[in-house]
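Only one structure is covered here, and it is reproduced in the block below.
Below, chain A is the first sequence line, B the second, and so on; all start at residue 1.
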Number of protein chains: 2
Amino acid sequence: MKLIATGIAESEAGPDEPFLLERFIPYRLSVLTNLLSRAIGRLYGRRFGLAIPEWRVMAVLARFAPLAAAELCTRTAMDKVQVSRAVARLKAAGYIVRSVDTADRRRSRLRLSSSGRAVHDAIVPMARAAEAKFIADLAPADRATLDRLLGLLLDRAQTLDAAGNIADKT
Amino acid sequence: MKLIATGIAESEAGPDEPFLLERFIPYRLSVLTNLLSRAIGRLYGRRFGLAIPEWRVMAVLARFAPLAAAELCTRTAMDKVQVSRAVARLKAAGYIVRSVDTADRRRSRLRLSSSGRAVHDAIVPMARAAEAKFIADLAPADRATLDRLLGLLLDRAQTLDAAGNIADKT
DNA sequence: GAATAATAGTTACAAATGAAACTAATTGCA
DNA sequence: TGCAATTAGTTTCATTTGTAACTATTATTC
């Protein structure tokens, strides 16, 4: 069943026209992301008992370890509570190892354990396959545009979120 | 601070290359949607005490009332528990009116109250302004492409979610 | 070089969410 | 009819999430 129509963006509609939720871009992005996160969450969760925040931490540690929690926050775009909890679960599962930064004993140095690395390496092809399947419908030019638009819109959203004034006429 | 790089999609990377979370499309979509939902949630919440699910219900009722809860589920892409709770809060706030369908007394007939309509009409321009601001950076061609891609990807995500096999090689 | 402020990370508590059990009403069918 | 199966919607309970308070350590300042 097709729930969401395509056509002009809602914001191009004049003020007297009815508001069309199904064309409202933030709504469509939200539905899209929820569907995709759910599908991908099943992917990690079913076989490895990982939630998405945990997978994000593992993916970043695989590349940049050792990292402190604060650096994980920056790299994963998660807040420090989320990171703290993801790290705690991964440590309990034996997928990461924590040591204390000797130069600053508040900071931790986090890295994947060998079993964590093995899980990571097993998941990566699945994640790539899922992404490929998701965009399989798109022509090469559309993929490039999508990639570029995601960059632009992320910048924009970060700016608007930080400014906190998304509705003002600025 | 720019967190997310642009470039080729992660799925185009070869199997021996490191996994780049910051280029992984589901990750970028998730970060984007969370930022945007947070910004827009503040918009509805601050002035009107509405959460996003409630606003969605109001937007759909404004156009299609009277509706039963099940129809709200279809139109908002929310599940019946979410809808039930959103309806309960809106009823408590006096923004919607519920009557019982005389032909099937399990079903309800929901519509906006006059104060609900007033709130709706006050929010619509704010929502439109927020969307316009969000895509203000985009050239007209990019807006059209975004609109089209959202449609394609939503279809795709619905299919993959329903099939539950996003990682298989199908 | 103490006292204060700032920072890294965790914990606690409250609100939101999701899955499953439940109630009430209707439909199907013997 | 009468009983099982289905459907609409709500409630319950466990989990997740977000904000704020907290602990431990380091930096600053007088």
Side-chain angles (χ1 to χ4, degrees), chain A residues 30-31 33-35 37-42 44-46 49-57 60-61 66-92 96-111 161 164, chain B residues 30-31 33-35 37-42 44-46 49-57 60-61 66-93 96-110 161 164:
Chain A
S30 166
V31 173
T33 299
N34 287 344
L35 287 168
S37 294
R38 196 141 50 92
I40 292 200
R42 281 199 298 265
Y44 306 150
R46 200 163 34 193
L50 294 178
I52 288 178
E54 284 136 49
W55 161 247
R56 287 185 182 177
V57 166
V60 167
L61 286 181
L67 289 181
E71 295 163 320
L72 283 172
C73 295
T74 308
R75 297 246 179 225
T76 60
M78 292 158 43
D79 77 31
K80 63 182 185 172
V81 177
Q82 276 184 294
V83 166
S84 174
R85 292 199 262 237
V87 164
R89 284 187 293 250
L90 289 169
K91 201 170 40 143
I96 66 177
V97 176
R98 141 183 284 155
S99 57
V100 171
D101 185 328
T102 52
D104 181 345
R105 301 202 337 274
R106 292 170 304 184
R107 312 186 104 224
S108 47
R109 292 163 58 85
L110 301 163
R111 50 179 87 246
D161 183 67
Chain B
S30 166
V31 173
T33 300
N34 287 342
L35 287 169
S37 294
R38 199 141 47 93
I40 290 198
R42 281 199 298 266
Y44 306 148
R46 201 164 31 192
L50 294 177
I52 288 178
E54 284 136 48
W55 160 248
R56 288 185 182 176
V57 165
V60 166
L61 286 181
L67 290 180
E71 295 163 321
L72 283 173
C73 295
T74 307
R75 296 248 179 223
T76 59
M78 291 159 41
D79 76 33
K80 63 181 184 171
V81 177
Q82 276 184 294
V83 167
S84 173
R85 292 200 260 236
V87 164
R89 284 188 293 249
L90 289 169
K91 201 171 35 143
I96 66 177
V97 177
R98 142 183 284 153
S99 56
V100 171
D101 185 328
T102 52
D104 180 344
R105 299 199 344 272
R106 294 170 306 183
R107 300 173 72 94
S108 45
R109 292 163 59 84
L110 301 164
D161 183 67

Base, sugar-phosphate, or nothing for A/A68, non-hydrogen atoms under 4.0 angstrom? sugar-phosphate
Along DNA chain C, 5' to 3', what are the outermost nucleotides having an atom less than 4.0 Å from a heavy atom of chain A? C/dA6 to C/dA12
Does the protein touch nucleotides 15-25 of chain D at the base, only the backbone, or not at all? Give it as B, S and - per nucleotide, heavy atoms under 4.0 Å. --BBBB---BB
In short, A/S108 meets A/R98 closest at the heavy-atom pair CB-NE, 3.8 Å
Answer yes or no: is there a side-chain heavy-atom contact under 4.5 Å between B/R107 and B/E71? yes
B/R75 and B/V60 have their tightest heavy-atom pair at CB-CG1, 3.7 Å
Mind listing the closest non-hydrogen atom pair of B/R109 and B/D101 along with its distance? CD-CA, 3.8 Å
Mind listing the closest non-hydrogen atom pair of B/D79 and B/C73 along with its distance? C-SG, 3.9 Å
Shortest non-hydrogen separation from A/R56 to B/S30 and the atoms involved: NH2-OG, 2.9 Å
Figure out the CD/C1' separation between B/E71 and D/dA8, and round it to whole Å. 11 Å
Shortest non-hydrogen separation from A/S37 to A/I52 and the atoms involved: O-CD1, 3.6 Å
Output, in order, the C-alpha distance, side-chain angles, deciding distance and verdict of side-chain contact (heavy atoms from CB on, under 4.5 Å) for A/V57 and A/M78. CA-CA 9 Å; A/V57 166; A/M78 292 158 43; 4.3 Å; yes
